[in-house]
Amino acid sequence: MKMLLKQLILLVVMVGLNCSENGEPEEPESEPNDESPDSPELPVAPATQPQASPTVIQGCPNWMAGIPGNPGHNGIPGKDGRDGRDGTKGDKGDEGQQGPKGDDGEPGASGVDGVEGLPGTPGRKGDKGESGYSYRSAFSVGLTSINPIPNIPIKFTKIFYNREKHYDEETGKFTSPFAGIYFFSYHLTVYTKDVKVGLYKNSKAIVFTYDQFQNNDLDQAGGSVTIHLDAGDSVWLQVYGDNTFNGIYADNNNDSMFTGFLLYPDLY
């Protein structure tokens with residue numbers, strides 16, 4: 001079939017070339033009619049519907065065109081055309097959903113200090129605190145009689161200071177109200193006899209003082225100490241030994257004194 005098609009196309013081309021050289025197609029020579037005039041006439045074919053004229057190759061009139069060839073291959077795509085003009089602005093679209101919260105940014109630089117504001121209203125009064133006087137403790141007492149009884153607390157009944165009542169003039173003992181550091185001192189006038197006294201803490205002597213009387217003259221004896229006391233400890237002064245060592249003296253012009261006070265309490 002393909003071979004026949006090629007031969008047909010070749011024939012059409014050759015005929016076209018022949019027509020182009022001569023201008024008109026050659027008409028075939030007429031052959032003598034051997035038929036006698038008396039021959040009967042052949043029947044005439046019925047008329048057919050007119051059809052569209054076939055395409056005729058220019059320069060070769062009255063010749064039927066050949067069969068159309070196969071379509072050619074697609075050509076190379078052309079270049080892109082120019083961009084069109086911008087269209088009119090469209091309507092505003094619907095608002096989208098809110099996106100997730102972004103990360104916190106870095107703190108900014110500190111700004112300039114503003115103008116100082118007006119003073120605020122005073123706050124309410126606070127609760128009453130613990131009084132510092134609650135840790136006060138002191139006494140200072142003197143002797144009003146001579147030759148106290150040995151081996152028992154000396155009763156100093158002349159009161160110079162005993163506001164907190166931590167010294168008991170009935171017993172002659174000081175009782176510490178708070179644990180802390182205390183200072184004690186005594187100053188004694190000596191007359192007629194030698195003096196030997198001791199400062200006691202809870203029935204144990206911690207300081208001794210001895211003074212020998214001479215030449216019927218007044219003499220002085222004394223001592224002092226700083227110690228730690230627990231709350232409830234007792235401190236007193238007493239003659240150590242027998243009556244030969246109780247020459248403690250006092251009158252309107254001479255005093256024998258016993259003093260003590262708290263330096264600072266234990267706060268831990």
Side-chain angles (χ1 to χ4, degrees), residues 123-191 193-213 218-243 245-268:
R124 67 177 186 86
K125 185 177 180 180
D127 297 333
K128 184 177 180 180
E130 188 174 1
S131 174
Y133 292 101
S134 62
Y135 295 105
R136 294 182 64 176
S137 178
F139 72 96
S140 184
V141 291
L143 193 64
T144 56
S145 61
I146 62 173
N147 307 123
I149 301 174
N151 301 316
I152 63 171
I154 301 173
K155 297 179 181 179
F156 294 87
T157 56
K158 186 177 182 179
I159 306 300
F160 298 107
Y161 179 86
N162 191 29
R163 180 176 296 178
E164 290 79 28
K165 305 295 182 182
H166 297 156
Y167 172 79
D168 187 353
E169 57 187 279
E170 296 294 330
T171 62
K173 295 181 179 181
F174 167 80
T175 302
S176 61
F178 321 105
I181 305 300
Y182 290 80
F183 175 80
F184 296 95
S185 67
Y186 51 90
H187 174 80
L188 305 175
T189 299
V190 179
Y191 187 61
K193 293 182 181 181
D194 296 343
V195 169
K196 188 176 182 181
V197 295
L199 184 69
Y200 285 76
K201 171 188 173 183
N202 299 334
S203 300
K204 182 178 180 180
I206 56 177
V207 176
F208 283 107
T209 298
Y210 174 75
D211 184 78
Q212 187 176 16
F213 174 70
L218 294 174
D219 204 356
Q220 307 293 325
S224 62
V225 68
T226 299
I227 58 174
H228 180 271
L229 297 179
D230 292 325
D233 286 346
S234 295
V235 177
W236 65 88
L237 195 68
Q238 74 180 38
V239 174
Y240 185 82
D242 54 28
N243 285 330
F245 298 103
N246 68 343
I248 301 175
Y249 181 80
D251 59 20
N252 293 333
N253 298 317
N254 299 280
D255 285 305
S256 292
M257 301 173 58
F258 181 34
T259 300
F261 53 85
L262 172 69
L263 291 175
Y264 53 88
D266 294 344
L267 298 179
Y268 50 84

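For the pair Ser140 and Met257, the minimum side-chain heavy-atom distance is below 4.5 Å. In this structure, the side chains of Asp211 and Gln220 stay at 4.5 Å or more apart for every pair of heavy atoms. Between Val207 and Tyr186, the closest side-chain pair of non-hydrogen atoms falls below 4.5 Å. Annotation: side chain of Ile159 is in contact with side chain of Glu169 (closest heavy-atom distance under 4.5 Å). Within the 4.5 Å cutoff, the side chain of Ile227 has heavy atoms near those of the Leu229 side chain. The shortest side-chain heavy-atom distance between Val195 and Thr209 does not fall under the 4.5 Å cut-off. At a threshold of 4.5 Å between non-hydrogen side-chain atoms, the residues Leu143 and Ile154 count as touching. Contact annotation: the side chain of Asp255 approaches that of Lys158 to within less than 4.5 Å [non-hydrogen atoms, C-beta and beyond].
The two residues Gly241 and Asn151 come nearest to each other via the heavy atoms O-ND2, 2.9 Å. Annotation for Gln238 and Pro153: closest pair OE1-N, 3.7 Å, computed over non-hydrogen atoms. Between Arg136 and His166, the shortest heavy-atom contact is O-CE1, 3.5 Å. Residues Tyr182 and Pro177 share a closest heavy-atom pair of OH-CD, 3.5 Å. Taking all atoms of both residues into account, the shortest heavy-atom contact from Phe208 to Ala205 is CZ-CB, 3.5 Å. Nearest approach of Val239 to Pro150, heavy atoms of both residues: CB-CA, 3.7 Å.
Counting non-hydrogen atoms of neighbouring residues, nucleotides and ligands closer than 6.0 angstrom, the CG atom of Leu263 exceeds 12 such neighbours. By the neighbour-count criterion of 12 heavy atoms within 6.0 Å, atom OH of Tyr240 is sparsely surrounded, having that number or fewer from other residues, nucleotides or ligands.
Atom NZ of residue Lys155 and atom NZ of residue Lys173 lie 10.5 Å apart, to the nearest 0.5 angstrom. Of the inter-residue distances, the one linking Lys193 atom NZ with Asn243 atom CG reads 5.5 Å to the nearest 0.5 angstrom. The NZ atom of Lys204 lies 13.0 Å from the CG atom of Leu199; values are rounded to the nearest 0.5 Å. Put simply, CG on Asn162 and CG on Asp168 are 8.5 Å apart, with the number rounded to the nearest 0.5 Å. In this structure, the separation between OG on Ser176 and CD1 on Ile181 is 11.0 Å, given to the nearest 0.5 Å. One distance of note links CG of Asp251 with OG of Ser145; it measures 12.0 Å at 0.5 Å rounding.
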For this session: Dump the intermediate steps for side-chain contact (heavy atoms from CB on, under 4.5 Å) on Tyr210 and Lys196, then the final yes or no.
Result: CA-CA 4 Å; Tyr210 174 75; Lys196 188 176 182 181; 3.8 Å; yes
Problem set entry | Intermediate values then yes/no, side-chain contact (heavy atoms from CB on, under 4.5 Å), Leu218 and Thr189 | CA-CA 7 Å; Leu218 294 174; Thr189 299; 4.1 Å; yes
For this session: Dump the intermediate steps for side-chain contact (heavy atoms from CB on, under 4.5 Å) on Ser203 and Trp236, then the final yes or no.
Result: CA-CA 9 Å; Ser203 300; Trp236 65 88; 3.8 Å; yes
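Between the side chain of Thr226 and the backbone N or O of Phe183, no donor-acceptor pair lies under 3.5 Å. Here the side chain of Ser256 pairs a donor or acceptor atom with the backbone of Tyr249 at under 3.5 angstrom. No donor-acceptor pair closer than 3.5 Å links the side chain of Lys201 to the backbone N or O of Asp233. Although no hydrogens or angles enter the test, the distance criterion places no donor-acceptor pair under 3.5 Å between the side chain of Asp219 and the main chain of Tyr191.
Sequence neighbours left out, the pairs with a member in residues 143-164 that pass ring pair (Phe, Tyr, Trp, His ring centres under 6.0 Å) are Phe156-Phe258.
Using cut-offs of 30° and 60° for the angle between ring planes, the Phe174 and Phe139 rings count as parallel.
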